[in-house]
A.B. asks: 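Take this structure first; my questions come after.
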Amino acid sequence: MTARLRADLSSLPYYVPGRSLPGAVKLASNEVPAGPLPSVIVAISDAAAGLNRYPDNRATALGERLALELDVTPSQLALGCGSSMLCLQLVQATCGPADEVLFAWRSFEAYPIFTQICGVRQRTVPLRADARHDLTAMLSAITPATRLVFVCNPNNPTGTAVRAEELVAFLDAVPDGVLVALDEAYHEFVTDPAVGDGMALFRRWDNLAVLRTFSKAYGLAGLRVGYCVAHEPVVNALHRVFVPFSVNSLAQVAALASLEVKDELLARCRAVAAERDRVRAELLAMGYPVPDSQANFVWLPLGEQTTAFTEHCLQHKIVIRPFSGEGARITIGEASENDALLAVARAWPGSGGTHPPM
Ligand SMILES: Cc1ncc(COP(=O)(O)O)c(C=O)c1O
C-alpha cells in the first residue's frame with residue numbers, strides 16, 4: 001500500500017538552512033553571534049516549570065507590550081511562529097488558486113516555497129544591477145490577479161535596501177486590493193537614515209503590512225517568534241489561518257523579557273552593523289564586489305565562482321551560505337570570526353581586483 005501524495009511536491013524548492021560543521025565558524029544563517037541576555041535566560045527557565053500548560057493562544061501579554069512599543073493597538077498586531085510563518089499566513093490569507101504573489105528575485109527563499117505550498121502562482125522581478133529591488137518594474141508586474149507583494153527590506157540575501165522615498169512612491173501607486181508585505185526581518189541593523197521604516201509608513205496605507213522578528217536583533221532564532229503589524233481586517237485574516245498555539249510559551253516570555261532589555265540588544269545590533277561596514281570595506285579593498293548592506297550579512301555576487309569560494313572557506317573551517325551560480329551570503333559574526341573570514345578571503349586566488357566595483 002502506498003500513500004498518494006501531492007503530485008507537485010517534487011517541484012517544491014527545498015528550504016536550505018545554513019550548514020553547521022563541528023568546530024567551524026558558522027556564518028551561514030544570519031544569526032547574531034551573542035546569546036540571549038542573562039535576564040532573558042532566567043525568564044525562559046522560570047517559565048519552563050509551566051510547560052505542562054498550553055501557551056496563551058493570542059500571546060496577549062506580549063501583544064499588549066509590543067503594541068505599546070510600536071504605538072499601535074493590539075488589534076493591529078499578529079504574533080507568529082517566526083515571521084516565516086506569518087509570511088505563509090499572509091499567502092494563505094490573501095490568495096486563492098487563481099491569484100498571484102509577486103516578489104523580487106533573488107530574495108528570501110521561503111517566498112517561493114510558501115507560494116507553491118499554497119498552490120498559488122508566483123511572479124518574480126529580477127533585482128537591479130546594484131542588487132536592489134526594482135520597484136518600478138515590480139509595479140509594472142502587478143496584474144489583476146496579484147493579491148500580495150513581498151518587499152524584503154533589507155533584502156535577504158543581498159543586504160540591499162530601498163529608500164523611504166522609493167517605498168512611498170511604490171505604495172502610492174500599488175492598486176487597491178493588493179497587500180504589500182514589507183518584510184523587515186533585519187530592520188534593527190539598518191544604519192542608513194534614507195532607508196524606509198515600515199512603522200513610519202504603516203498608518204498611511206491600509207494595504208501595508210510590516211513583518212518583524214525576534215530571531216535576528218533579539219537573538220531568539222531558536223524560539224520562533226515574529227510579528228506582523230497590519231490594519232485590523234488583515235490581522236483578523238491572519239488569525240483565521242493561525243495554527244493554534246504555534247507561538248510557544250517560552251518564546252512569549254523570552255520576547256517580553258527581551259523588550260525589557262531592548263536598549264542593550266539594539267546596541268549589540270549597532271555593533272554588528274559597524275562590523276558589517278568594516279568587513280565590507282575590507283572585502284571591497286581586496287577587489288570583491290560587495291553591494292551596500294543594511295543587514296547583518298554581506299553578499300558577494302561571485303557568479304560561477306561561488307562554489308569554489310565556498311569550498312575554499314570550508315577548507316579553512318568557515319561555513320558561509322552559497323547560492324550556486326549567483327553569490328555567497330556571509331553573516332557577520334564576532335570580530336575574531338570576521339577577521340578569520342577576511343584572512344581566508346584575502347588568500348583566495350579569485351580575489352584581487354578582478355571584479356567590477358559595486
Ligand atoms: C527576509 C526574512 N524574512 C523572514 C525571516 C524569518 O525569520 P523568522 O521566521 O526566524 O522570524 C527571515 C529569516 O531568515 C528572513 O531572512
A.B. asks: For the pair Arg280 (side chain) and Pro291 (backbone), establish whether a donor and an acceptor sit closer than 3.5 Å, ignoring hydrogens and angles.
C.D. replies: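 Yes.
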A.B. asks: Val279 versus Val290: any side-chain heavy-atom pair under 4.5 Å?
C.D. replies: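 No, their side chains stay 4.5 Å or more apart.
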A.B. asks: Please determine, by modelled atom types, if Asn155 and Thr158 share a side-chain donor-acceptor pair under 3.5 angstrom.
C.D. replies: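 The answer is yes; a qualifying pair exists.
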A.B. asks: List in chain and number order the residues that pass side-chain hydrogen bond (donor to acceptor under 3.5 Å, both in side chains) with Asp176, two or more places apart in sequence or in another chain; answer none if no residue qualifies.
C.D. replies: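 For Asp176 there are no side-chain hydrogen bond (donor to acceptor under 3.5 Å, both in side chains) partners, ignoring immediate neighbours.
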A.B. asks: State yes or no: do Leu135 and Leu127 share one hydrophobic cluster built from I, L, V, M, F, W and Y residues joined by side-chain heavy-atom distances below 4.5 Å, directly or via other members?
C.D. replies: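 Leu135 does not cluster with Leu127.
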A.B. asks: How many angstroms lie between atom CG of Asn30 and atom OG1 of Thr213, to the nearest 0.5 angstrom?
C.D. replies: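 That separation rounds to 11.5 Å.
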A.B. asks: Between Asn338 and Glu275, is any side-chain donor less than 3.5 angstrom from a side-chain acceptor?
C.D. replies: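 Note: Asn338 and Glu275 side chains meet the donor-acceptor criterion.
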A.B. asks: Please find the pair of heavy atoms, one from Thr306 and one from Glu326, that lie closest to each other, and give the distance.
C.D. replies: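 Reported closest heavy-atom pair: OG1-C, 3.6 Å.
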A.B. asks: Assess whether a salt bridge exists between Arg270 and Glu188, defined as any Lys/Arg side-chain N lying under 4.0 Å from an Asp/Glu carboxylate O.
C.D. replies: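 Answer for the salt bridge query: no.
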A.B. asks: Main chain of Ala185, side chain of Asp183: is a donor-acceptor contact present, judged purely on distance under 3.5 Å?
C.D. replies: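 Looks like yes, one N/O pair under 3.5 Å.
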A.B. asks: Any side-chain to backbone donor/acceptor pair from Glu264 onto Val261? Under 3.5 Å, distance only.
C.D. replies: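 Checking the backbone N and O of Val261 against the side chain of Glu264, no donor-acceptor pair under 3.5 Å is found.
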A.B. asks: Go through the steps to decide whether Glu31 and Thr331 satisfy the test side chain to side chain donor-acceptor pair (under 3.5 Å), and finish with yes or no.
C.D. replies: CA-CA 7 Å; Glu31 299 144 338; Thr331 305; over 6 Å; no
A.B. asks: Can you list every salt bridge (charged side-chain N to carboxylate O under 4.0 Å, His left out) pair that touches residues 136-148, not counting sequence neighbours?
C.D. replies: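 For residues 136-148, and leaving out neighbouring residues, the salt bridge (charged side-chain N to carboxylate O under 4.0 Å, His left out) pairs sorted by first residue read Asp99-Arg147.
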A.B. asks: On a heavy-atom basis, which atom in Gly196 and which in Asn153 lie closest, and how many Å separate them?
C.D. replies: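 The answer is O-ND2, 4.0 Å.
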A.B. asks: Return yes when atom CD of Glu334 has more than 12 non-hydrogen atoms of other residues, nucleotides or ligands closer than 6.0 Å, and no otherwise.
C.D. replies: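 Result for CD/Glu334: enclosed.
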A.B. asks: Can you get from Leu102 to Leu167 by hopping between Ile, Leu, Val, Met, Phe, Trp and Tyr side chains that sit under 4.5 Å apart?
C.D. replies: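 Yes.
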A.B. asks: Going from CG on Leu211 to CE on Met85, what distance comes out if it is rounded to the nearest 0.5 angstrom?
C.D. replies: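 Leu211 CG to Met85 CE: 13.5 Å, rounded to 0.5 Å.
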A.B. asks: With a 4.5 Å cut-off on side-chain heavy-atom distances among I, L, V, M, F, W and Y, is there a chain of contacts connecting Phe309 to Val319?
C.D. replies: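 No; tracing contacts between hydrophobic side chains, which count when under 4.5 Å, never links both residues.
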A.B. asks: Do Glu260 and Arg65 sit within salt-bridge range, that is, some charged N less than 4.0 Å from a carboxylate O?
C.D. replies: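 Judged by the 4.0 Å cut-off on N to carboxylate O distance, Glu260 and Arg65 do form a salt bridge.
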A.B. asks: Taking atom CD of Glu232 and atom OG of Ser75, what is their separation to the nearest 0.5 Å?
C.D. replies: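 Result: 3.5 Å between the selected atoms.
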A.B. asks: Check for a donor-acceptor pair, side chain of Arg224 on one end and backbone N or O of Ala221 on the other, with a separation under 3.5 Å.
C.D. replies: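 Answer holds: yes.
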A.B. asks: Between Thr191 and Arg276, is the side chain to side chain donor-acceptor pair (under 3.5 Å) condition met? List the steps.
C.D. replies: CA-CA 11 Å; Thr191 50; Arg276 168 198 74 207; 2.8 Å; yes
A.B. asks: I'd like to know if Glu282 pairs up with Arg346 as an ion pair, taking the criterion as any Lys NZ or Arg NE/NH1/NH2 lying under 4.0 Å from an Asp or Glu carboxylate oxygen.
C.D. replies: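 Judged by the 4.0 Å cut-off on N to carboxylate O distance, Glu282 and Arg346 do form a salt bridge.
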A.B. asks: Please say yes or no: joined through hydrophobic side-chain contacts below 4.5 Å, possibly via intermediate residues, are Leu201 and Val190 part of one cluster?
C.D. replies: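 No; Val190 is not reachable from Leu201 via cluster members.
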A.B. asks: Using a 6.0 Å cut-off, check whether atom CZ of Arg6 has over 12 heavy atoms from anything other than its own residue.
C.D. replies: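 Yes, because the 6.0 Å sphere around CZ of Arg6 holds more than 12 heavy atoms from other groups.
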A.B. asks: Identify the two heavy atoms, one from Leu208 and one from Gly198, that lie closest to each other, and give their separation to 0.1 Å.
C.D. replies: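 Here Leu208 and Gly198 meet closest at CD2-O, 4.2 Å.
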A.B. asks: Looking only at the aromatic ring of each residue, does the gap between the centers of Trp299 and Phe323 stay below 6.0 angstrom?
C.D. replies: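 Yes, the ring centres sit under 6.0 Å apart.
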A.B. asks: Group every Ile, Leu, Val, Met, Phe, Trp and Tyr by side-chain heavy-atom contacts under 4.5 Å, then state whether Leu283 and Val344 land in the same group.
C.D. replies: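 Yes, Leu283 connects to Val344 through the hydrophobic network.
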A.B. asks: Out of curiosity, Leu66 CG to Leu62 CG, how far, rounded to the nearest 0.5 Å?
C.D. replies: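 Going from the CG atom of Leu66 to the CG atom of Leu62 covers 5.0 Å.
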A.B. asks: Is it true that a side-chain atom of His239 and a backbone atom of Val234 form a donor plus acceptor pair closer than 3.5 Å?
C.D. replies: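 A pair under 3.5 Å: no.
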A.B. asks: Could you go through Phe242 and Asn57, starting from their C-alpha distance and side-chain angles, then the distance that decides it, and tell me whether this counts as side-chain contact (heavy atoms from CB on, under 4.5 Å)?
C.D. replies: CA-CA 10 Å; Phe242 178 70; Asn57 195 39; 3.3 Å; yes
A.B. asks: What are the two closest heavy atoms between Leu86 and Cys228, and how far apart are they?
C.D. replies: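 It is CD1-N, 3.7 Å.
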A.B. asks: Quick check against the 3.5 Å criterion: does Asp8 have a side-chain atom that pairs as donor or acceptor with the backbone of Ser11?
C.D. replies: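 Side chain of Asp8 to backbone of Ser11: no pair is present.
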A.B. asks: Can you confirm whether Ile142 sits close enough to Val174 that some side-chain heavy atom of one is under 4.5 Å from a side-chain heavy atom of the other?
C.D. replies: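 Contact flag for Ile142/Val174 side chains = yes.
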A.B. asks: Determine whether the side chains of Asn156 and Arg329 contain a donor N or O and an acceptor N or O closer than 3.5 Å.
C.D. replies: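 A pair is found: one side chain offers a donor N or O, the other an acceptor, under 3.5 Å apart.
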A.B. asks: Salt bridge (Lys or Arg N to Asp or Glu O under 4.0 Å), that's the test. Do Glu166 and Arg132 meet it? Break it down for me.
C.D. replies: CA-CA 11 Å; Glu166 296 170 303; Arg132 296 191 322 124; 2.9 Å; yes
A.B. asks: Using atom types as modelled, flag every donor-acceptor pair under 3.5 Å from a side chain in residues 39-48 to any protein atom, sequence neighbours excluded.
C.D. replies:
residue: Ser45; atom: OG; partner: Ile41; partner atom: O; Å: 3.1
residue: Ser45; atom: OG; partner: Val42; partner atom: O; Å: 3.1

A.B. asks: Counting the benzene-type ring for Trp, do Phe103 and Phe108 have ring centres under 6.0 Å apart?
C.D. replies: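 Judged by ring-centre distance (under 6.0 Å), Phe103 and Phe108 do not meet the cut-off.
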A.B. asks: Centre-to-centre under 6.0 Å for Tyr186 and Phe297, is that the case here?
C.D. replies: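 Yes, ring centres under 6.0 Å apart.
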A.B. asks: Taking 4.0 angstrom as the limit, do Arg278 and Asp339 come out as a salt bridge?
C.D. replies: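 Salt bridge present between Arg278 and Asp339.
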A.B. asks: For the backbone of Asp192 and the side chain of Gln294, can you confirm whether one donor and one acceptor N or O come within less than 3.5 Å of each other?
C.D. replies: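 Yes, because the side chain of Gln294 sits within donor-acceptor range (under 3.5 Å) of the backbone of Asp192.
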A.B. asks: To the closest 0.5 Å, what do you measure between OG (Ser107) and NE2 (His133)?
C.D. replies: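 The OG atom of Ser107 sits 4.5 Å away from the NE2 atom of His133.
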A.B. asks: Shortest non-hydrogen contact from Gly96 to Val120?
C.D. replies: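 Shortest heavy-atom separation between Gly96 and Val120 comes out as O-CG2, 3.9 Å.
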A.B. asks: Out of curiosity, His316 NE2 to Leu341 CG, how far, rounded to the nearest 0.5 Å?
C.D. replies: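 Between atom NE2 of His316 and atom CG of Leu341 there are 11.5 Å.
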A.B. asks: Considering only NZ, NE, NH1 and NH2 on the basic side and carboxylate oxygens on the acidic side, decide whether Glu109 and Arg321 come within less than 4.0 Å.
C.D. replies: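 The answer is yes: the pair qualifies as a salt bridge.
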A.B. asks: Would you name the heavy atoms of Arg212 and Ser83 that are closest together and state the gap between them?
C.D. replies: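 Taking Arg212 first and Ser83 second, the nearest heavy atoms are O-CB, 3.6 Å.
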